[in-house]
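As a basis for the values below, the full set of heavy atoms in this structure was taken, side chains included, without hydrogen atoms, waters or symmetry mates.
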Amino acid sequence: WYVVLSAVWQWRPLFHAVRGLALWQRLLSALLPLAAVGWLAYIAVVHHGLLFTLVGLPDNMSVVRALPHTLLHTLSLFVYTGPSQPELWLGRLPLLDVFVLAMFAAGAVFYARHPFAARTQLLASYLVLSILLISLGTVGISVALPLIYLVSVAGIAYLLHFWLRTFPVNPLARYFGMGLMALLIALSCYYNIKQYFIAWPHNTAVVQVYRSR
């Protein structure tokens, strides 16, 4: 799905790239997708139930009908209460800490100011697709985390750029802003390292799960 989405957004560069290929390369570029589509069509006719598994979609319509509820639940995992999976996660802590959430908001503001940029459209569409697939239960929640961190990094750069532009010549203010941001990043890293590598393996529920296995 990510490859298809990328091809939709980047159809112009792909079209110009194909035009520069030799004839046999063009034919091969056209035959391979057609062969894949033909194979999926054959599976849809002969093995109907297998098609949904191959394309990564649920074959149970009740999952689709419950999509609004599962969407809200998926979003709450990042900001409110995490998944109840002691074998993977500590308690019901949200997946993102306060600093990452704040930087994600700043990054969202930055990208919202450039709505027609290719990067904005790609990241937004990838995030929407990830949340949908997670809510449908076809992929794990970790699929969306790299995208969220990319937006958060953009938020850090945006805030630093705003700070340095506000204080273009004052060295004390510039170093204070950069030092504060470095401290916040270090605290966020320390919190996540302590949470996952120290607190999680010693949690009672985690120990019970692995002892039972």
Side-chain angles (χ1 to χ4, degrees), residues 1-6 49-112 119-156 158-159 184-213:
W1 288 111
Y2 292 99
V3 173
V4 171
L5 186 60
S6 301
L50 185 60
L51 177 65
F52 292 96
T53 303
L54 289 173
V55 298
L57 294 177
D59 56 355
N60 191 346
M61 289 303 297
S62 61
V63 177
V64 179
R65 287 193 293 268
L67 187 58
H69 173 73
T70 54
L71 276 173
L72 292 176
H73 174 68
T74 300
L75 294 175
S76 71
L77 296 177
F78 295 103
V79 300
Y80 179 62
T81 178
S84 180
Q85 294 178 293
E87 69 276 15
L88 297 174
W89 199 246
L90 177 62
R92 298 302 303 273
L93 291 175
L95 298 176
L96 303 176
D97 59 75
V98 175
F99 174 74
V100 174
L101 285 173
M103 294 303 101
F104 178 82
V109 171
F110 168 75
Y111 283 117
R119 185 183 302 176
T120 301
Q121 296 173 350
L122 280 173
L123 278 175
S125 58
Y126 285 157
L127 272 172
V128 171
L129 177 61
S130 298
I131 298 299
L132 282 174
L133 292 178
I134 292 169
S135 302
L136 290 172
T138 57
V139 298
I141 197 169
S142 58
V143 169
L145 289 176
L147 300 170
I148 292 174
Y149 278 105
L150 280 174
V151 179
S152 299
V153 170
I156 293 173
Y158 174 62
L159 289 180
L184 291 173
I185 293 173
L187 289 174
S188 178
C189 293
Y190 174 76
Y191 168 78
N192 284 280
I193 289 172
K194 190 171 183 179
Q195 172 185 291
Y196 196 78
F197 291 103
I198 299 175
W200 174 75
H202 296 94
N203 183 264
T204 304
V206 176
V207 174
Q208 290 176 349
V209 167
Y210 281 95
R211 281 182 177 175
S212 63
R213 293 181 178 182

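Annotation: side-chain hydrogen bond (donor to acceptor under 3.5 Å, both in side chains) contacts of Thr120 (sequence neighbours excluded): none. When the side-chain contact (heavy atoms from CB on, under 4.5 Å) test is applied to Leu5, the partners found at least two apart in sequence or on another chain are Trp9, Ser125, Tyr126, Leu129. Under the side-chain contact (heavy atoms from CB on, under 4.5 Å) criterion, Ser188 pairs with Asp97, Phe99, Val100, Asn192, sequence neighbours left out. Under the rule for a side-chain contact (heavy atoms from CB on, under 4.5 Å), Val98 has no partner lying at least two apart in sequence or in another chain. Qualifying side-chain contact (heavy atoms from CB on, under 4.5 Å) partners for Arg211, counting only residues two or more places apart in sequence or in other chains: Val207.
In this structure, the side chains of Leu71 and Ile131 come closer than 4.5 Å at one or more pairs of heavy atoms. Contact of the Leu77 side chain with the Ile134 side chain is not registered, since no non-hydrogen atoms from C-beta on lie closer than 4.5 Å. Annotation: side chain of Ile193 is not in contact with side chain of Ile198 (no heavy-atom distance under 4.5 Å).
Taking every heavy atom of both residues into account, Ser142 and Pro146 meet most closely at O-CD, 3.1 Å. Among all heavy-atom pairs drawn from Leu147 and Ser130, the shortest one is CD1-OG, 3.4 Å.
With values rounded to the nearest 0.5 angstrom, Leu132 atom CG is found 9.0 Å from Thr74 atom OG1. Of the inter-residue distances, the one linking Ser135 atom OG with Leu75 atom CG reads 7.0 Å to the nearest 0.5 angstrom. To the nearest 0.5 Å, atom CZ of residue Phe197 and atom CD of residue Gln195 are 11.0 Å apart. The distance from the CG atom of Leu150 to the CG atom of Leu122 is 11.5 Å, given to the nearest 0.5 Å. Note that CD1 of Ile148 is 11.5 Å distant from CG of Leu123, once rounded to the nearest 0.5 Å.
Under the 3.5 Å distance criterion, the side-chain polar atoms of Thr138 are matched with a main-chain donor or acceptor of Leu133.
In this structure, Trp200 places its CH2 atom where more than 12 heavy-atom neighbours from other residues, nucleotides or ligands lie under 6.0 Å away.
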**Request:** Test side-chain contact (heavy atoms from CB on, under 4.5 Å) on Tyr2 and Val143 and set out the steps.
**Result:** CA-CA 11 Å; Tyr2 292 99; Val143 169; 2.9 Å; yes
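Using a 30° and 60° split on the angle between ring planes, Tyr158 and Phe110 fall in the tilted class, from 30° to 60°.
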Run the side-chain donor-acceptor check on residues 78-90: report pairs under 3.5 Å with partners two or more places apart or on a different chain.
residue : atom : partner : partner atom : Å
Thr81   : OG1  : Arg92   : O            : 3.2
Trp89   : NE1  : Leu93   : O            : 2.7

